[in-house]
Amino acid sequence: MQKDRILITSALPYVNGIPHLGHLAGCLLPSDVFARFNRLIGNQVLYIAGTDEHGSPCEIGAKKENVSVEEYTSKYHNIHKDIYQKFNLSFDYFGRTSSKENIETTQSIAKELFNNGFIEQREDEQIFSIDDNMFLPDRYVIGTCPFCGADNARGDQCENCTKVLDPRDLINPKSSISGSSNLEFRKTKHLYLLLSKLSDKVRSWVETRNWNKLTLGIAYKWLDEGLKDRSITRDLKWGVPVPLDVFPDMKDKVFYVWFDAPIGYISITKELLGDDYQSWWLMDKGASEVQYFQFMGKDNVPFHAITFPATLLGANENYKKVDTLKGLSYLNFNGGKFSKSAGRGIFADKAIEEFDADYWRYWLIKNAPETDDTDFSFERFSEEINKDLNDVLGNFILRVLKFYNSKFSNVISHDIIIGDKEKQIISLLQQKIHNYSSFIKSLEFRKAMAELRSIWVMGNEYIDEMAPWAIYKTDVNKAGQILAFAINLIRIFMIISQPIIPDSSLKVLNALNTSGDWVFDVEHDISIINKGHSFNVPEAIFTKISSDRVSELNEKYNK
RNA sequence: CGCGGGAUAGAGCAGUCUGGUAGCUCGCAAGGCUCAUAACCUUGAGGUCAGUGGUUCAAAUCCACUUCCCGCAACCA
């Protein structure tokens with residue numbers, strides 16, 4: 001079979017702070033399921049992610065913790081890396097945008113853009129905080145809103161009346177970092193990416209894309225409103241320095257994080273593969289054969305659908321650009337947003353202490369916010385975990401294995417007999433596995449999960465209809481044959497469940513002393529576990545979440 | 001009239017592109033079964049498809065207007 005080459009990237013989470021469930025639901029988990037699935041069906045996969053580490057929040061965060069920015073970002077990079085490992089995210093490499101490779105790649109792409117006439121230097125005026133000794137991004141200037149009088153309006157927008165503001169409009173402006181009102185406007189030079197000149201190129205490229213509604217809607221909105229030239233540098237110390245050999249006036253300036261962050265996909269690949277990165281990223285070195293999938297939250301779509309492709313198109317037509325872009329909506333917590341500053345919601349480090357990764361993986365994929373924002377609550381979480389994982393799947397596995405083990409032994413002593421009912425099951429299962437695969441391939445995770453669940457239900461239906469406990473009374477051998485068939489169903493269920501619930505699947509497959517990548521031919525695979533094969537009856541694979549536990553969790557996290 | 005997404009049984013969703021008896025899961029009710037985690041299987045009740053108007057033999061689906069929810073609005077990332 002011809003192997004496809006699949007490049008997968010997840011939007012790089014910003015390194016500042018602990019990720020929450022929304023970050024997992026919105027891009028990391030779906031991309032991991034897709035990566036695992038593709039590996040299982042035999043495709044060659046490169047799955048890349050990392051932390052986005054530049055920008056003023058890191059400088060400010062480091063100051064607050066009284067450490068260097070390098071120490072600060074390293075600390076949080078490791079926290080991210082550790083958490084994602086616990087959630088079983090199977091990155092081929094988890095890098096960071098502060099790497100030497102990213103600095104080089106970003107600088108070289110900027111040079112290419114400049115040589116092609118897509119970068120221009122312009123002079124702006126921006127607020128400088130004398131006491132903080134830095135230029136302030138608009139949102140770090142706070143003051144009284146001239147429209148509604150709210151006293152905590154930010155320089156970019158008043159959260160009270162939602163009016164869009166300019167920092168100049170604010171009454172009594174001050175720095176939100178130090179509280180100092182010792183501010184002044186200073187002239188500063190910046191590089192602009194001439195998106196207006198790239199607009200036609202981007203549009204004709206977007207027109208060849210086959211994206212979902214949410215993504216295309218956002219892309220065309222930007223194009224239709226007209227792309228505006230965008231500043232790609234900042235007056236900060238922490239970031240990719242602007243190369244002075246090409247831009248000699250740009251001393252002490254760095255690229256804006258949103259310019260260098262997506263370039264991180266390329267540089268992280270370089271970090272992993274060295275020169276072999278070319279076969280994934282350069283069209284004339286093999287990347288034209290690659291199918292590239294990007295996953296991100298909807299807030300990130302403009303950058304992936306417009307800005308980053310524009311950057312690559314302007315720099316060099318030879319760069320690989322995204323084929324399929326999956327934009328997801330947000331996960332909310334009990335009807336409101338997750339909030340780092342307010343400590344609202346459950347964060348990934350705590351979540352994994354409360355429940356095994358598979359519980360979260362299952363629920364978050366089943367409820368992936370694909371069309372609209374999705375609301376998380378411990379009530380919904382426990383209902384679906386209890387019903388689907390415990391009652392439908394876990395209970396099926398145990399009822400079959402315990403039954404066989406108690407009436408016969410833990411060594412299979414029956415042939416797999418294919419009667420009419422079994423034929424039906426095989427053909428239906430073949431169809432359903434095909435549907436399930438198709439849904440994952442088209443990145444329709446909710447539908448994929450509904451299909452997977454209905455596959456699990458087939459096990460219970462089969463056992464119930466065949467009623468081996470009744471047959472056992474008159475035909476012991478026949479009862480054993482039914483159960484042996486069911487044991488093979490368990491094997492198949494767990495193989496195809498691996499992308500979603502890898503730990504549990506492996507646990508059961510190990511107990512069955514079996515393994516397998518993917519089920520392409522049910523008729524063949526249904527008799528892989530046969531006479532002489534031994535198995536162990538595993539401990540409960542899942543445990544239920546009691547209503548008391550739900551109350552406790554609400555008490556703990558729903559303040 | 002800034003832009004985009006969403007509104008479908010008590011809850012969560014599919015169906016809308018390509019008009020043709022409104023579907024799935026949970027919950028609820030009744031029945032079955034007793035191998036299993038008080039689980040599992042079957043059947044049933046429950047919907048003026050956000051509203052109004054239009055096109056059509058026929059509208060959840062197409063068109064127009066309205067209401068409500070979410071996000072974005074380019075110097076937060």
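Below, chain A is the first sequence line, B the second, and so on; all start at residue 1.
Residues from residues 469-481 of chain A lying near RNA chain B, meaning a heavy-atom separation below 4.0 Å, are A/W469 in numerical order. RNA chain B lies under 4.0 Å from at least one heavy atom of each of the following residues of residues 434-453 of chain A: A/R446, A/K447, A/R453. Taken residue by residue, residues 386-394 of chain A places heavy atoms nearer than 4.0 Å to RNA chain B at A/K387, A/N390, A/D391, A/G394.
Spacing between atom CG of A/L227 and atom P of B/rA74 amounts to 14 Å, rounded to whole angstrom units.
A/F445 meets the ring pair (Phe, Tyr, Trp, His ring centres under 6.0 Å) test with no other residue; sequence neighbours excluded. For A/E59, the salt bridge (charged side-chain N to carboxylate O under 4.0 Å, His left out) test picks out no residue, with sequence neighbours left out. Considering only residues two or more places apart in sequence or on other chains, A/R230 meets the salt bridge (charged side-chain N to carboxylate O under 4.0 Å, His left out) condition with none of them. Taking the ring pair (Phe, Tyr, Trp, His ring centres under 6.0 Å) definition, one finds that A/F485 meets it with A/Y462, sequence neighbours left out. With sequence neighbours left out, A/Y140 forms a ring pair (Phe, Tyr, Trp, His ring centres under 6.0 Å) with no residue at all. Considering only residues two or more places apart in sequence or on other chains, A/K402 meets the salt bridge (charged side-chain N to carboxylate O under 4.0 Å, His left out) condition with none of them. Qualifying side chain to side chain contact (heavy atoms under 4.5 Å, CB included) partners for A/Q121, counting only residues two or more places apart in sequence or in other chains: A/K189, A/L191, A/D249, A/M250. For the salt bridge (charged side-chain N to carboxylate O under 4.0 Å, His left out) test, no residue two or more places apart in sequence or in another chain qualifies with A/D358.
Within the nucleic acid shown, A/Y256 comes within 4.0 Å of at least one base atom, counting heavy atoms only.
Looking at which nucleotide of RNA chain B each of A/R399 and A/N460 is closest to, the 5′-most match is held by A/R399.
Comparing B/rC75, B/rC35, B/rC41 by their closest approach to the side chain of A/V457 singles out B/rC41. In this structure, of B/rC40, B/rA77, B/rU37, it is B/rA77 that holds the atom nearest to the side chain of A/W258. Side chain of A/I463, nearest nucleotide from B/rA77, B/rU42, B/rC35: B/rC35. When distances are taken from the side chain of A/P57 to each of B/rC35, B/rC75, B/rC76, the shortest belongs to B/rC76. Comparing B/rC41, B/rC26, B/rC75 against the side chain of A/E383 picks out B/rC26 as the nearest. Here the side chain of A/F403 is nearest to one of B/rC41, B/rA77, B/rC35, namely B/rC35.
Put simply, the side chain of A/Q126 and the base of B/rC75 share a donor and an acceptor less than 3.5 Å apart. For B/rC13, its base never sits under 3.5 Å from the side chain of A/N367 at any donor and acceptor pair.
B/rA58 makes up no base pair with any nucleotide shown, lacking Watson-Crick or G-U wobble contacts both under 3.5 Å.
At distances below 3.5 Å, not a single donor-acceptor pair connects side-chain atoms of A/D475 with backbone N or O atoms of A/I471.
For A/H20 and A/H23, the ring centers are positioned less than 6.0 Å apart.
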Dump every N/O contact between nucleotides 68-70 of chain B and the protein below 3.5 Å, one line per pair.
residue, atom, partner, partner atom, Å
B/rC70, O2', A/D373, OD2, 2.3

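Between A/F403 and A/Y472, the ring-plane angle classifies as tilted under the 30° and 60° cut-offs.
Contact record, A/Y359 with A/I545: CD2-CD1, 4.4 Å, taken as the closest heavy-atom pair.
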